[in-house]
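Remarks on the structure that follows.
Each chain gets a letter, A, B and so on, in the order its sequence line appears, and its residues count up from 1. The figures here come from the full heavy-atom set of this structure, side chains too, leaving out hydrogens, waters and symmetry mates.
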Amino acid sequence: MEKFALIVTEKPEAARRIAQALDYGGTPQKFEDRGVPYFLALRDRKLIVVPALGHLYTVVHQRGGRNYYPVFCFKWAPRHLVERNSKKIHTWIDVISKLADGADEFIDASDCDIEGSLIGYCVLKYACKDKENTAKRMRFSTLTKMELEAAYEERLPQLDFGLIEAGKTRHEIDWLYGINLSRALTLSSKGWSGKYATLSTGRVQGPTLKFLVDLEKEIQCFISKPYWSIKVEVELKGSIFKMEYERKTIIKRTEADVIVAACNRRSGEITNVDVRKFRQQPPFPFDLGTLQAEAYSLFRYTPRQTLNIAQHLYLNALISYPRTSSQKLPPAINYKAIIKALSEDHNFKDLTLELLKKKNLKPREGKKVDPAHPAVYPTGNLPKKQLSRQEKRIFDLVVRRFMAVFGDPAIKQSMKVSMEIN
DNA sequence: GCAAGGTC
């Protein structure tokens, strides 16, 4: 039978989109084997695109037994041998292995970050039987046809072993640190109280608990004290203005009463007007955290909700990969083409036309970077189907932030008026 | 049965 190239992705939706982008007719064939989807795309040669399902391999101790400590001996193994309820993983790996037998070229198309690179590596090494050193790498940060085609044509000759090493190390150190400290904690609490209780800690939950304990202690130690503040309404040329007393808090009620009595119903005199002009720079492009913060403050969406919505928009090729910590927009993404494409939407028309008048499109950028992805930006694709209310809001937010990044600084003015009464 | 972080 004719051999083919096997393209491995991190998840089913990515496999579907990659197959669609690479197939010359845009109509890849979908297959399913025991619940595992994969795709046949025809290009310069036969391509089979098969997804993983996140991590299929993980770390496990080499010898059994539960309560011994410390434990330093571990090995990598398929997840179904380690975790209960992962029969699905067993089938998944089996399907990939069978497909690998018919392939003579292997291409890693997992997400271009630490975890993704490790996922792709493990599939190639274990499920495909030691193909990690001969496999090529497709690098992309959006699932658009243009970028995927370029990523395929210009595939890198080898995997990024630096990222893979970082992924392995993250995995292994988290395991060593977490399992050992959890066991130590469990054993010492049993020694102390005589009762068994499973306790756990780790790289993330340990420090997080510490922050919570500190905050809780602060809350419990807080003693509230009453204070008074004085607000006044003044009439000036027939209009009422609200002002406040120069000292924001007054501890004693009697003292506040004296001040109020001295000012009430008297006329005053404006002693100073302080006008200040200042520039407000455009915002930074969105990293995931700031997108989540903004979505919460505007719409009260939880960070998890926002991530899910953004993930969905990404899978529909409307925005770039949202799991990024970058606040930078490299010129390679072609700002002008994106803004032009967005101008087709009447909601964005005025703002995009204004930006397109500019001689130079230069984004304001933040300091944060990400090794694998740029900041979140709209791809320029407009929704083909009606978006849900939530998707619409997040998409709109990403588009508007992207445009704002190229804007001129705002000139703002503030005014502080001081008045003396009695 | 103890971690963390992918995916669904």
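Judged as a side chain to side chain donor-acceptor pair (under 3.5 Å), and not counting sequence neighbours, the contacts of Arg34(A) are Asp94(A). Remark: Ser200(A) engages Ser182(A), Gln205(A) in a side-chain contact (heavy atoms from CB on, under 4.5 Å) (not counting sequence neighbours). Asp408(A) pairs by the salt bridge (charged side-chain N to carboxylate O under 4.0 Å, His left out) definition with Lys358(A), not counting sequence neighbours.
Here the side chain of His171(A) is nearest to one of dA4(B), dT7(B), dG1(B), namely dA4(B). Closest approach to the Lys11(A) side chain among dG6(B), dC2(B), dC8(B) is made by dC8(B) (side chain taken as heavy atoms from C-beta onward). Checked against dG1(B), dA3(B), dC8(B), the side chain of Lys88(A) finds its nearest nucleotide in dC8(B). Side-chain atoms of Asp111(A) lie closest to dT7(B) of the nucleotides dT7(B), dA3(B), dG6(B).
For Trp175(A) and dG1(B), the CH2 to P distance is 16 Å, given to the nearest whole Å. At whole-Å resolution of the value, NZ in Lys168(A) and C1' in dG5(B) are 18 Å apart. Rounded to an integer number of Å, the gap from CZ of Arg79(A) to C1' of dA4(B) is 12 Å. Taking atom CG of residue Asn308(A) and atom P of nucleotide dC8(B), one finds them 11 Å apart after rounding to whole Å. dG5(B) atom P lies 14 Å from atom CG of Leu307(A), rounded to whole Å. Atom P of nucleotide dG6(B) and atom CH2 of Trp92(A) are separated by 18 Å, given to the nearest angstrom. The distance between atom CD of Gln311(A) and atom C1' of dG5(B), rounded to the nearest whole Å, is 14 Å. Between the C1' atom of dG1(B) and the OH atom of Tyr196(A) lies a distance of 6 Å, rounded to the nearest Å.
Proximity of Arg323(A) to the phosphate of dT7(B): a side-chain N or O atom is located under 4.0 Å from OP1 or OP2. Note on Thr198(A): a side-chain N or O is less than 4.0 Å away from OP1 or OP2 of dC2(B).
Applying the salt bridge (Lys or Arg N to Asp or Glu O under 4.0 Å) test to every pair with at least one member in residues 165-178 of chain A, sequence neighbours left out, gives these pairs: Glu115(A)-Arg170(A), Arg170(A)-Asp174(A), Asp174(A)-Arg203(A).
Of all the residues in residues 199-206 of chain A, Ser200(A), Thr201(A), Gly202(A), Arg203(A), Val204(A), Gln205(A) reach under 4.0 Å from DNA chain B with at least one non-hydrogen atom.
Cation-pi geometry between Arg400(A) and Phe348(A) is not satisfied (NZ or CZ under 6.0 Å from the ring centre, within 45° of the ring normal).
If you look at Trp92(A) and His80(A), their ring centroids are not closer than 6.0 Å.
Interface remark: the Arg170(A) side chain does not form any donor-acceptor pair with the dG5(B) base, using a distance-only criterion of under 3.5 Å.
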For a quick test of your reading: what N or O donor-acceptor pairs under 3.5 Å do the side chains of residues 213-231 of chain A make, sequence neighbours left out?
unit_1    : atom_1 : unit_2    : atom_2 : d
Asp214(A) : OD2    : Lys210(A) : NZ     : 2.5
Glu216(A) : OE2    : Gln220(A) : NE2    : 3.3

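Among the protein residues, Pro51(A) comes within range of no part of the nucleic acid, since none of its heavy atoms lies under 4.0 Å from any strand.
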